[in-house]
Chemist: 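Next up is a structure, given as structure tokens.
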2 protein chains.
Amino acid sequence: MARDIAEKMLLKAGLRPTSQRVGLAAILFDGVDKHVTPDDVMRLAQSAGVDVSVATVYNTLGQLAAAGMLRRVTLDVGRTFFDTNVSPHHHLFLEDEDKLVDISGDAVRIIGLPDLGEGLRIKSVDVLVRVERG
Amino acid sequence: MARDIAEKMLLKAGLRPTSQRVGLAAILFDGVDKHVTPDDVMRLAQSAGVDVSVATVYNTLGQLAAAGMLRRVTLDVGRTFFDTNVSPHHHLFLEDEDKLVDISGDAVRIIGLPDLGEGLRIKSVDVLVRVERG
DNA sequence: ATAGTTGCAAAAGTTTTGCATTGTA
DNA sequence: TACAATGCAAAACTTTTGCAACTAT
């Protein structure tokens, strides 16, 4: 049952497993990696009969991302995706389908990044490959 | 005079060199590469005495980006930058200063990107390095 | 009781659209 | 005069905030 997993993930994230959050987490952590927008989540919640407001969807997604349970991927104006795959990896964006696809993080190597000055630390390196039919 | 250059760029982009657009282009293409948000541009326009609405700032930036005169760089929610450097290159984002810095495109090499299926074409490869003090 | 947490209505902020106006042929 | 392009007010959309209600001790 996905609800059990959902509850465990919420507790691990230090969030109370309220009915809204359990409902959302059950949708997100069903065992299949996904890339969803807040709007997708809202729609999925409605279909699943989870009664929740848009604000709570945003807040919950933000909290899960802050807890490292989701990865926020910002693409273009007004296109924020949340990725349930939180291991280091990159993304391919299929423009024609408006869809994000993971690229394994191990496979990709980036060489030639500049040395950082004193006291600076790399927080993340994201590669986004935009792909179109042609 | 930056106004002459501005007018040339607009004509090259197929846009009428109206007073608003010339004013904005003169701010953007003053010979120094910059990373600006629509809000920055609005403020700069006001300081420069260019009378223009927010909508026109957005529309003009979008038109210049579509014409390849500006590069749109989307970072996070509600953080769209326009880069006057349109040659292929990557970006470093300094979180503490909320500032984008260019990384030369020639210096960086990315290896291990997956083969694309039939009929797909890479449109762009963007690397974003997030940096923080630490 | 009370201190902390939650969910959401309302507010804030960003971007796009519809259309009156202006410019062009 | 007709036809296309422009600029912007207003609308649409995305995200955050403030606070009443709830929970746990």
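To find a chain, count down the sequence lines: A is the first, B the second, and so on, and within it residues start at 1. Side chains included, hydrogens not; waters and symmetry mates left out as well; all remaining heavy atoms used.
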Chemist: Considering residues at least two apart in sequence or located in another chain, which fulfil the side chain to side chain contact (heavy atoms under 4.5 Å, CB included) criterion with Thr37(B)?
Modeler: Asp39(B), Asp40(B), Phe81(B)
Chemist: Quick check on contacts: within residues 9-28 of chain A, what sits under 4.0 Å from DNA chain D by heavy-atom distance?
Modeler: Arg16(A)
Chemist: Measure from CZ on Phe81(B) to C1' on dT15(C) and round the result to the nearest Å.
Modeler: 17 Å
Chemist: Among residues two or more places apart or on two chains, list those pairs meeting side chain to side chain donor-acceptor pair (under 3.5 Å) that have a residue in residues 105-115 of chain B.
Modeler: none
Chemist: Write down the distance between CG (Asp51(B)) and C1' (dC8(D)), rounded to a whole number of angstrom.
Modeler: 11 Å
Chemist: Whether Arg72(B) and Asp126(B) form a salt bridge (side-chain N of Lys/Arg under 4.0 Å from carboxylate O of Asp/Glu) is what I want to check.
Modeler: no
Chemist: Kindly write out the residues that satisfy side chain to side chain donor-acceptor pair (under 3.5 Å) with Asn59(B), not counting sequence neighbours, or none if the list is empty.
Modeler: none
Chemist: Separation of Asp76(A) atom CG from dC13(D) atom P, in whole Å?
Modeler: 18 Å
Chemist: What salt bridge (charged side-chain N to carboxylate O under 4.0 Å, His left out) pairs are there with at least one residue in residues 14-31 of chain B, not counting sequence neighbours?
Modeler: Asp30(B)-Lys34(B)
Chemist: Partners of Asp76(B) by salt bridge (Lys or Arg N to Asp or Glu O under 4.0 Å), sequence neighbours excluded?
Modeler: Arg130(B)
Chemist: What does the list of N/O pairs under 3.5 Å between the protein and nucleotides 15-19 of chain D look like, with a distance for each?
Modeler:
unit_1: dT15(D); atom_1: OP1; unit_2: Thr80(A); atom_2: OG1; d: 2.7
unit_1: dT15(D); atom_1: OP2; unit_2: Tyr58(A); atom_2: OH; d: 2.5

Chemist: Quick one: which residue pairs count as a salt bridge (charged side-chain N to carboxylate O under 4.0 Å, His left out) with a foot in residues 45-57 of chain A, not counting sequence neighbours?
Modeler: none
Chemist: In whole angstrom, give the distance that lies between atom CD of Gln63(B) and atom P of dA5(D).
Modeler: 11 Å
Chemist: Expressed as a whole number of angstroms, how long is the span from Arg43(B):CZ to dG13(C):P?
Modeler: 12 Å
Chemist: Under the rule for side chain to side chain donor-acceptor pair (under 3.5 Å), what residues qualify as partners of Glu7(A), not counting sequence neighbours?
Modeler: none
Chemist: Measuring to OP1 and OP2 of dG7(C), would you say a side-chain N or O of Ser53(A) lies under 4.0 angstrom away?
Modeler: no
